Amino acid sequence: MFSADLLANAVVAGVLLGGFYAAVAIGLAIVFGQLDIVNIAHPAFVIVGAFTAYILNSRFGFDPVLVGLLAAPVFFIAGVLLYRIYFIAFERTGQESLSGLAFFFGVMFIIEVSLIMAYGVDYRLVQADYIGRVWSIGFVDFPLRMLVPFSVSALLTAGIYLYLSRTFLGSAIQAVAQDRLALQLMGADPVRIKQWAFGLGIATAAIAGSLLIIIGPVEPSVGRQYIGRAFAIVVLGGMGSIPGMFIAALILGIVESMVSTFAGPSWSPAVAFGVLALTLALRPAGLFGRT
Amino acid sequence: MKSTVFWGALATIFAAGLALTGVVQNEYYYNALYLILQGTLMAVAWNVLGGFTGYVNFGSAGFFALGAYTTVALNKALGLPLPLLILVAGVVGGLVGVGLGYLTLRLKGVYFAIATLAMSIVIETLVVNWSYVGGAKGSYMLTPDTHLWFDSYIQMLFVVMLLLTLAAVAISRMLNSSRLGRGLSAIRDDEVAAECAGVPTLRLKLVSTSVMGAMMGVAGAPFPYFVTFVDPLSAFNLFIAVNAIAMPMIGGTAHWIGPVIGALLLGTTQEIVKVTISSEMNVLIVGVMLVAFITLAPQGIVGLARKLRRGRPK
């Protein structure tokens, strides 16, 4: 049962999977980690991204990753609008905790049911010539349907990291996260910066969605499994730290891959929540937390 | 509401329910009423923690399924009668609720809410991998032949559910208007301040979570008999969790009557939409109503009514 090549393959598959998880979690690392907005509807936006890729791919034959990049600006605008509603209804009145949570829960539910009404509960997939191919080094397999998402996700993570640390707006976003009042006293408008950051977070969901559907077929309610994963990664990564998020994503990917190789795939949904519960109970600041 | 009026109203409703079984034969109505009552019971239960104490529970479906699967397991193992099954399901739900209560020591606000969702998925994974109760395939329940003096089994289930729901409403009202309830709302408004003022916060939170868990377990216990086929997909349905949140939010969370109003309104709308339009539409409506109400009327219907009364010139 236990063998070296099985283990090596499980680890490699886990790293590739974890890299992809980073793409799902990065939007949440900005929105939840930096802005403290509990957008549990984020995975639902990822599914919308996946369906966008499916529609444009099956109708016009566009490459899914290209669709993700093209859809990102549209998602950005949707994110900005959603944040406007959230701000006016909850943040301004100071009710973001209970009502805000329920609001995003409702949004998630509406997105999921709308997709089911429009496309049914069938699994959808995309066509691209690299999807079936596998590169092998020794006895270790690198399926391209995992390697492509991993690479795109790593680039996305690096891009967002550079954006947040090197550009003026990026620093502004981190400033909002640190001290909103101080930013206001400097004459900047925290609401507009948060709006921009929220849009950015949702825009990453378009790319994450296109990667999700490259990995495997997608149906509307798949998003729910990613709630736990994305939150586990953000919390484990230390709330808003982008490098921490990426490492946490790799850890989760490897653990999940191990569990599903050695215990069976039906156990893997519980892994993310197990990791989340352990982190919250033992080290709430995460691995790289700003304690 | 005065106590005598309240108890009178409960007795009247129960009597009306009993009388209904003597008059109406069509099984559809009992199906619809059962679902509305199940929603009400879940909403009342959610509100004990969410509304009175201010801890959001996204994992209602997990507690509900605990009740349902307690029934499946015990019915298969021992063949217990329904009242005992309900009792055991309540105990199981209550115990898991106590566990959740201890979780509040470390987790506040958002983290608590996510942890409840996590708990629900962990329980689901356990059930999926537990072949004794059917695993992912699900399992069938045989409807017993005996149904007291009622014409059909569904009529009896309806009366059972009515009794459970009325009991839950009574308990919720008692919690809301007692000394304990004031302690709970102190926790909701400011937990640290409450602790400093000498409110035994942990003990009160444990009461709150265990009552919620027990009520939800009880709500799930008759479910396998109602649907006759249970699988993880139906028992852990997100729809149950969304309903349990939406109903109190729409009705108003601060007062015990809020979830009841919300559940009756939303539940009835759902049943009508299910018949007249489609069952997908019925699911969508919950989401839309939830979002609309929390954005436009955050205090729910009870809050709106209060505002109207205050705004009226004397």
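The shown structure was predicted, so the numbers you read here are calculated from the model rather than taken from an experiment. Each chain gets a letter, A, B and so on, in the order its sequence line appears, and its residues count up from 1.
A tilted orientation is assigned to the rings of A:Phe32 and B:Tyr111, their planes being inclined by 30° to 60°.
Around atom CG of B:Leu233, no more than 12 heavy atoms belonging to other residues, nucleotides or ligands sit under 6.0 Å away. For A:Trp267, the CH2 atom sits in a packed shell: over 12 heavy atoms of surrounding residues, nucleotides or ligands are nearer than 6.0 Å. Taking a 6.0 Å sphere around CZ of B:Phe229, one finds it holds more than 12 heavy atoms contributed by other residues, nucleotides or ligands.
With a 4.5 Å cut-off on non-hydrogen atoms, B:Tyr55 does not touch chain A at all. With a 4.5 Å cut-off on non-hydrogen atoms, B:Met289 does not touch chain A at all. When heavy atoms are compared at a cutoff of 4.5 Å, A:Leu276 approaches chain B solely by way of its side chain, counted from C-beta outward. Heavy atoms of A:Ile227 lying under 4.5 Å from chain B belong exclusively to its side chain. When heavy atoms are compared at a cutoff of 4.5 Å, A:Ile40 approaches chain B solely by way of its side chain, counted from C-beta outward. Contact of B:Ile245 with chain A is made through the side chain alone, with heavy-atom distances under 4.5 Å. For a residue to count as touching a neighbouring chain, one of its non-hydrogen atoms must lie under 4.5 Å from one of that chain's; by this rule A:Val271 does not touch chain B.
Here B:Ile114 contributes atom CD1 and A:Phe231 contributes atom CZ; the two are 4.0 Å apart, rounded to the nearest 0.5 Å.
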Return a table of donor-acceptor pairs under 3.5 angstrom between the side chains of residues 42-50 of chain A and protein atoms on other chains or two or more places apart.
from, atom 1, to, atom 2, distance (Å)
A:His42, NE2, A:Val24, O, 3.2

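Among B:Val283, B:Leu238, B:Val242, the one residue that satisfies the side chain to side chain contact (heavy atoms under 4.5 Å, CB included) test with A:Glu112 is B:Leu238.
Among residues 259-275 of chain B, no residue has any heavy atom closer than 4.5 Å to a heavy atom of chain A.
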